[in-house]
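Working notes, structure below.
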Number of protein chains: 2
Amino acid sequence: MTSQRADARRNYARILAVAEQEVAAHGADASLERIARVAGVGSATVRRHFPGRRALLEAVFGERIAALVARAAELTDATDARAALLEWLGALTTYAASARGVADALVQDGLTGPEEVEDCSAKLATAVEPLVRRAAATGGLAADVTAADLLTLVTGIALATEHHPAEARRLLGLVVAGVSPAH
Amino acid sequence: MTSQRADARRNYARILAVAEQEVAAHGADASLERIARVAGVGSATVRRHFPGRRALLEAVFGERIAALVARAAELTDATDARAALLEWLGALTTYAASARGVADALVQDGLTGPEEVEDCSAKLATAVEPLVRRAAATGGLAADVTAADLLTLVTGIALATEHHPAEARRLLGLVVAGVSPAH
DNA sequence: TATGATACGGAGGACCCCGCCACTTAGCAA
DNA sequence: TTGCTAAGTGGCGGGGTCCTCCGTATCATA
């Protein structure tokens, strides 16, 4: 861990910084080769620090994901459980719609299987779980809705509105209220 | 049109047949090169008949899209407007979740702009439009929901459940009923 | 059958991801 | 301070894709 060499740490930081820009500019399938060039390192170095595109994306989004997890923890104590959940979902939607590639990363997360506990969607799911439980307990959430369902829906909205990010929040509103609630 | 040479027509059919298999197997980013190889034609020929991946995907999905458009026309006369709309959305969801790549194709459709009337999502939007209007008129649909919204939501569900297609129908149900309808 | 239009397909360029390998260098020990 | 060693590095080559150009084969017509 800390035994990592100083230059390695330096390169790690440089690559990550460039990767953030590139992913923001070109989405989840930004060119790793290009990231290496811009960062002034060899392509092998990028691959060493981040084995595979997934690893790089997770690192890029890690901070924001952590922020969302923290936000969820704060909201756990809110008086209105339903409002807390909705606010968190809104924050997630805004982020997923604005940060190109994050939604792709989330939908790909399911592939690795349950042993991979470190992936982004697992972190998020664990984080909302308490909010979901509280909202469900107070009747603020349909009974058969799981945390995973909500993440999937938000991810889907973000993916489908890739070219119209402004619509994302509105669509979330529709999903929450119901497109055609039973009368 | 009919002045197309016989060999060109033959190749078109061969390519389309192979493309259907390849897209079903590898999703929207199937290799055009590979399609050409399997079809026994040069890569330039594929490109000639289908300029760009979008064109190829549209051709591949064209028949099913047409079937959905026809289904919408049938359902326009149904007595229960809301049920008709929901049935059509269910059919669309099932198809989008089962046919790999179709959702990607739909979300990419928005890029070309309004002048391109031939694209899949425009066809579908035009087809559901009457169903949406009737459902809204009879109170079976939230007032501020457009046909495009519904397509976007279904597309999103399909994209987000790429690795768990079985969930798609259930999520559609949640969206219809509302995850957390106002009390 | 001869001929012009049409469609074909391979070569080649640009880009990408990935694995391998010889070289450099940071950080520790004497 | 001076070596030593392993971690870290970058470049090269292989395999793949997309795309364009252009000489050539093939079809339709007179």
Side-chain angles (χ1 to χ4, degrees), chain A residues 1-61 100-101 104-105 107-109 111-112, chain B residues 1-61 100-101 104-105 107-109 111-112:
Chain A
M1 266 310 156
T2 50
S3 69
Q4 200 176 214
R5 263 167 50 171
D7 54 345
R9 250 174 328 217
R10 222 181 3 251
N11 277 335
Y12 183 95
R14 289 174 61 86
I15 292 169
L16 193 54
V18 172
E20 283 172 11
Q21 298 175 353
E22 289 295 315
V23 169
H26 302 101
D29 46 1
S31 163
L32 303 184
E33 206 80 12
R34 187 177 151 78
I35 291 173
R37 264 199 311 273
V38 175
V41 301
S43 62
T45 301
V46 172
R47 294 182 13 73
R48 185 161 313 107
H49 284 292
F50 307 99
R53 160 168 277 111
R54 280 259 335 271
L56 181 61
L57 292 177
E58 275 183 19
V60 166
F61 301 130
R100 300 192 52 182
D104 299 81
V107 76
Q108 296 289 354
D109 262 4
L111 289 177
T112 52
Chain B
M1 263 313 150
T2 50
S3 69
Q4 198 176 214
R5 257 167 53 172
D7 54 346
R9 252 178 326 229
R10 221 179 7 248
N11 278 335
Y12 182 94
R14 290 172 62 86
I15 292 169
L16 192 54
V18 172
E20 284 172 10
Q21 299 175 352
E22 288 297 314
V23 169
H26 303 100
D29 47 0
S31 163
L32 302 184
E33 206 81 10
R34 187 178 152 77
I35 291 174
R37 261 198 314 270
V38 174
V41 301
S43 62
T45 299
V46 171
R47 205 156 308 286
R48 202 182 332 279
H49 285 291
F50 306 99
R53 160 168 277 111
R54 280 257 338 270
L56 181 61
L57 291 177
E58 275 184 20
V60 167
F61 300 130
R100 301 193 54 182
D104 299 80
V107 75
Q108 295 290 354
D109 263 3
L111 289 176
T112 50

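The structure presented is a predicted model; accordingly, all values stated were derived computationally and were not measured. Numbered from 1 within each chain, the chains take letters A, B, ... in sequence-line order.
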Tell me the interatomic distance from [X], atom [atom1], to [N], atom [atom2], rounded to whole angstroms.
{"X": "B:Phe50", "N": "D:dC18", "atom1": "CZ", "atom2": "C1'", "result": "17 Å"}
{"X": "B:Arg34", "N": "D:dG15", "atom1": "CZ", "atom2": "P", "result": "17 Å"}
{"X": "A:Arg37", "N": "C:dA14", "atom1": "CZ", "atom2": "P", "result": "13 Å"}
{"X": "B:Arg53", "N": "D:dC18", "atom1": "CZ", "atom2": "P", "result": "5 Å"}
{"X": "A:Arg47", "N": "D:dG14", "atom1": "CZ", "atom2": "C1'", "result": "14 Å"}

Considering all heavy atoms of both residues, which atom of [X] and which atom of [Y] are nearest to each other, and what is their separation?
{"X": "B:Arg5", "Y": "B:Asp7", "value": "NH2-OD2, 2.8 Å"}
{"X": "B:Gln108", "Y": "B:Arg54", "value": "CB-CD, 3.9 Å"}
{"X": "A:Tyr12", "Y": "A:Ala59", "value": "OH-CB, 4.1 Å"}
{"X": "A:Ala55", "Y": "A:Pro51", "value": "CB-O, 3.8 Å"}

N/O contacts under 3.5 Å, protein versus nucleotides 26-30 of chain D?
from	atom 1	to	atom 2	distance (Å)
D:dT26	O2	B:Arg5	NH1	3.0
D:dT26	O2	B:Arg5	NH2	3.4
D:dA28	OP1	B:Ala6	N	3.3

Report for the helix from C:dT1-D:dA30 to C:dA30-D:dT1: angle between first-end and last-end helix axes, five pairs each, rounded to 10 degrees.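 The end-segment axes of the helix from C:dT1-D:dA30 to C:dA30-D:dT1 are tilted 0° relative to each other.
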Any A:His49 side-chain N or O less than 4.0 Å from OP1/OP2 of D:dT9: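 Affirmative; the distance criterion is met.
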Give every pair of a protein N or O atom and an N or O atom of nucleotides 9-13 of chain C that lie under 3.5 Å apart, one pair per line with the distance.
from	atom 1	to	atom 2	distance (Å)
C:dG9	OP2	B:Gly42	N	3.1
C:dG9	OP2	B:Thr45	OG1	3.0
C:dG9	N7	B:Arg48	NH2	3.3

Looking at residues 21-31 of chain A, who's got a heavy atom less than 4.0 Å off DNA chain D?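 Those residues whose heavy atoms fall under 4.0 Å from DNA chain D, taken from residues 21-31 of chain A, amount to none.
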I'd like to know whether A:Arg14 forms a side-chain contact (heavy atoms from CB on, under 4.5 Å) with A:Val18, so could you lay out the CA-CA distance, the side-chain angles of the two residues, the decisive distance to 0.1 Å, and finally the verdict. CA-CA 6 Å; A:Arg14 289 174 61 86; A:Val18 172; 5.6 Å; no
Using a cutoff of under 3.5 Å, can you pull out all pairs of nitrogen or oxygen atoms linking the protein to nucleotides 28-30 of chain C, with atom names and distances?
none

Nearest-0.5 Å distance, CD of residue B:Glu20 to CG of residue B:Leu56: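 CG of B:Leu56 is found 9.5 Å from CD of B:Glu20.
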Output a table of donor-acceptor pairs, distance under 3.5 Å, between side-chain atoms of residues 30-50 of chain B and any protein atom two or more places apart or on a different chain; print 'none' if there are none.
from	atom 1	to	atom 2	distance (Å)
B:Ser31	OG	B:Glu33	N	3.3
B:Ser31	OG	B:Arg34	N	3.0
B:Arg34	NE	B:Glu22	OE1	2.9

